[in-house]
Amino acid sequence: MSEKNGYRFHQKLKLIMVLTKKAVSYAPSYLPMRVIQLVLQIFAPFLISVFPALILDELTVHNNLQKLLLLTLVTVFLGGISGLMDYLLRRRLSQDAFVINQKIELSINEAFIRMDYEKLEDQKVQELSQLARDTNNHASSLESMISTFFSMIGQCISLVGMAAILSRLLFTDGKVEKISGVVGWLARNSVICLLIALALCLISSRMNGLLLKVYERYDKKFAALGREYKYYGQLARDEIYVKDIRTFRLYNLINRRIEHYCQRNKKLMDEVNIPEIFTDMTGNLMMALELVIVYAMVSSKVLMGVISIGEFYLYISAITQVISLVRAVFENKNSIDRCLMYQQAYCKIEELAEKSIWIKEREEIHKECGNTLVFEHVTFAYPGTDKQVIDDVSFTLHPGEKLALVGRNGAGKTTLVKLMLGLYKPQKGRILWNGQEIGKLPYEEYIHNFSAVFQDFKLIASSIAENVAMEEVWDEEKVKKSLYDAGFSSLLASLKEGVFTQLLGNFNQESVNLSGGEAQKIAIARAFYKEAPILILDEPTAALDPIAEQDIFIVIRKKLQGQSAIFISHRLSSCRICDRILVLDNGKILQDGSHNILAAKNGLYQTMWKAQKGFYMEEENGAKYS
């Protein structure tokens, strides 16, 4: 058991060193400042104990006015210098802490960007990410943990110094006359009294350690609850859902969920409060007993004439500081253990990012082979499930080819796109780009070959130009050309600021909120701006009316001359501009051919085409006779 505990301590110390090194890389001045503060911290207890004791002795025993004034001046001067340096150090360290915490936040964001996409959807990783993001809370931040660690080192060194002072007290036991009674016994047995006080202090500190285990057990439950509360809280405030919330009176459901969270949270808090109150009350009682024993023992020595008033102050101050330091060492140790739970979550997130299938050594992409994408007998099931969403799928997307993916909901269309974008890795088969497995290619170079308009695209609270280019540095003419090609030019001409117009009202009151169709045109312009060899269009016209849809398809047909494209759409009108159509069902390719061939052939595509054609004809006739 001792080896196991020693190993755990070694691992924790190693992790603290790694994290300290990371903090120093973010703020190089941080470690020297901490070391200087550590020296001041070690010196402080002696300034509090030794110099006032010397002054008291001069007042009560020696009566040397010159020496008394000198000691007073030295004490005040050293106290002033120490206080000033501590103030300046805390100011500088708070600045470094801000930088460190900011860098940690950025590194967490980068880790999520690098992490395998399938990990992001894992519930355990989501709970881990909640803990990781809590690393920048004040009590659990990296800087707070390092600060606590340095404080603990200083406290341990100060304990050694205080122990050296108290060793003098033990030698006074032999100077006490053999007088019976409580006073005589206390004056002769300082070792026993100090051991009793120390034992009470250690028991109290151990109880705080057990309380930490309670905190650790409940912190994970609080993290899961916090994720739920954050979701419903954001849902209630998100303007995207306002129409649904008001139309369907969803706020009642949301409020019930939030109230349910509050009830469960209160229940957890009550479960934590019971051991917390018991530990605090017991600790305060033990501390009172410690002080009674200490004061009684040292006062007895004064009454017996073996120590002076100055020494009384020195020993009382040293003992009370030892008690405080021992408590503080254990409390800081417990705080560090609790911080490490969050820091380990942060390190685990970074570790998962480093283990990404795209972060290993990569082959050089063959750029002279055209832009050919091949699926070879690809089979895929989502992590944690046995159902094969993609089942032995093979096809080739040739350079310049327009390919449509068609099928019922859940047929596997979007999953195919996720696989070709490298968001998931197939369990069987291979996906090849110009003859190379995509899992062996540098991801940044590989993904550069794709542009996309996703059904659930997002605009950001920034200018139209930055929403199109997705960069801070952009080509204004190219942005305007992309917007023109996407059919956004008429609205753009009506905007006073043009492409510099701010979107969404998060930060700027003069910003513009676009309709769903207008926003979708921005997303299409974004895809055009990238000029990638392959364009993926996942329901690109879902928010557009039929006339605007027809206009966009005309633009897309012209824009995609010589460029490969993949269409995913429930409106089969998009299939008419495609060279090939893959009809998927239950993860398999049922049909492969052009629109004219498949529409004339019995099968799923013909059924879907006739259903849509009949619906539009009925709609058109209804409009004609209404």
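Position 1 is the first residue of the sequence; numbering continues from there.
Leu416 contributes atom CG, which lies 5.5 Å from atom CZ of Phe395 (distance to the nearest 0.5 angstrom). The CG atom of Leu598 sits 11.0 Å away from atom CG of Leu590, with the distance rounded to the nearest 0.5 Å. Note that the CD1 atom of Ile438 and the CZ atom of Arg430 stand 11.5 Å from one another [nearest 0.5 Å]. In this structure, the separation between NZ on Lys521 and CD1 on Ile524 is 8.5 Å, given to the nearest 0.5 Å. The CD1 atom of Ile100 sits 9.5 Å away from the OH atom of Tyr26 when rounded to the nearest 0.5 Å. The CG atom of Leu15 sits 11.5 Å away from atom SG of Cys339, with the distance rounded to the nearest 0.5 Å.
The closest side-chain heavy-atom distance from Asp391 to Asn586 is not below 4.5 Å. At least one side-chain heavy atom of Ile536 sits under 4.5 Å from a side-chain heavy atom of Leu421. The shortest distance between side-chain heavy atoms of Glu105 and Asn109 falls below 4.5 Å. Between Val406 and Gln591 the shortest side-chain heavy-atom distance does not fall below 4.5 Å. Between Phe375 and Ile390, the closest side-chain pair of non-hydrogen atoms is not below 4.5 Å. Residues Ile589 and Leu584 form a side-chain contact, since some pair of their non-hydrogen atoms from C-beta on lies under 4.5 Å apart. Considering only heavy atoms from C-beta on, Ile566 comes within 4.5 Å of Met420 through its side chain. Residues Ile431 and Leu419 form a side-chain contact, since some pair of their non-hydrogen atoms from C-beta on lies under 4.5 Å apart.
Remark: side-chain polar atoms of Ser394 are not paired, donor with acceptor, to backbone N or O of Glu376 under 3.5 angstrom. A distance-only check finds no donor-acceptor pair linking the side chain of Lys402 to the backbone of Cys575 [under 3.5 Å]. Of the possible polar contacts, none joining the Lys480 side chain to the Val499 backbone as a donor-acceptor pair under 3.5 Å is found. Asn449 contributes a side-chain N or O that, together with a main-chain N or O of Tyr446, makes up a donor-acceptor pair within less than 3.5 Å. Under the 3.5 Å distance criterion, the side-chain polar atoms of Thr501 are left unmatched by any main-chain donor or acceptor of Lys496. No donor-acceptor pair under 3.5 Å is formed between the side chain of Gln343 and the backbone N or O of Leu19. A donor-acceptor pair is defined here as one N or O able to donate and one able to accept, closer than 3.5 Å; no such pair exists between the side chain of Glu401 and the backbone of Arg580. The backbone N or O of Phe380 sits nowhere less than 3.5 Å from a side-chain atom of Gln388 that would complete a donor-acceptor pair. Remark: the backbone N or O of Pro399 is not paired with any side-chain donor or acceptor of Asn371 at under 3.5 angstrom. A distance-only check finds a donor-acceptor pair linking the side chain of Arg526 to the backbone of Asn467 [under 3.5 Å].
The local environment of NZ in Lys530 is crowded, with over 12 non-hydrogen atoms from other residues, nucleotides or ligands closer than 6.0 Å. The number of heavy-atom neighbours closer than 6.0 Å to OH of Tyr484, taken from other residues, nucleotides and ligands shown, is 12 or below. For His448, the NE2 atom sits in a loose shell: 12 or fewer heavy atoms of surrounding residues, nucleotides or ligands are nearer than 6.0 Å.
For the pair Lys478 and Tyr529, the cation-pi criterion (under 6.0 Å, within 45° of the ring axis) is fulfilled.
Checked options Lys588, Lys428, His377; the residue passing with Asp392 is His377 (criterion: side-chain hydrogen bond (donor to acceptor under 3.5 Å, both in side chains)). When each of Ile597, Ile581, Leu582, Val583 is checked for a side-chain contact (heavy atoms from CB on, under 4.5 Å) with Asp592, only Leu582 meets the rule.
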Under 3.5 Å, which donor-acceptor pairs link side chains of residues 486-495 to any protein atom two or more places apart or in another chain?
residue: Ser494; atom: OG; partner: Leu491; partner atom: O; Å: 2.6

Side chain to side chain contact (heavy atoms under 4.5 Å, CB included) evaluation trace for Ile534 with Trp433: CA-CA 12 Å; Ile534 296 180; Trp433 175 255; 3.3 Å; yes
Worked check of side chain to side chain contact (heavy atoms under 4.5 Å, CB included) between Thr414 and Lys418: CA-CA 6 Å; Thr414 300; Lys418 290 179 179 179; 4.1 Å; yes
Derivation and outcome, side chain to side chain donor-acceptor pair (under 3.5 Å), residues Thr415 and Tyr382: CA-CA 9 Å; Thr415 302; Tyr382 282 103; 2.7 Å; yes
Full working for side chain to side chain contact (heavy atoms under 4.5 Å, CB included) between Thr372 and Val374: CA-CA 7 Å; Thr372 303; Val374 178; 3.9 Å; yes
Glu497/Ile464 under side chain to side chain contact (heavy atoms under 4.5 Å, CB included): CA gap, chis, key distance, verdict: CA-CA 10 Å; Glu497 299 294 330; Ile464 289 176; over 6 Å; no
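Ring centroid separation for the pair Phe500 and Trp474 comes in under the 6.0 Å cut-off.
For the pair Pro426 and Val378, the tightest heavy-atom approach, listed with the atom from each and the gap, is CB-CG1, 3.7 Å. Residue Ala381 comes nearest to Gln427 through the heavy atom pair N-OE1, 2.6 Å, listed as atom of the first residue, atom of the second, then distance. Ala111 approaches Ile349 most closely through the heavy-atom pair CB-CG2, 3.8 Å. Closest approach of Gly407 and Lys413 over heavy atoms only: O-NZ, 3.2 Å. The two residues Ala519 and Leu459 have their closest heavy-atom pair at CB-CD1, 3.7 Å. Of all heavy-atom pairs between Cys578 and Phe567, the closest is SG-CD1, 3.4 Å.
Scored by the side-chain hydrogen bond (donor to acceptor under 3.5 Å, both in side chains) test, Ser462 finds Glu466 as partners (sequence neighbours excluded).
No hydrogens or angles considered: a donor-acceptor pair under 3.5 Å links the side chains of Tyr346 and Ser107.
Using the six-membered ring where Trp is involved, Tyr605 and His595 have ring planes that are perpendicular, over 60° apart on the 30 and 60° scheme.
Taking 4.0 Å as the cut-off between side-chain N and carboxylate O, Glu477 and Lys481 do not count as a salt-bridged pair.
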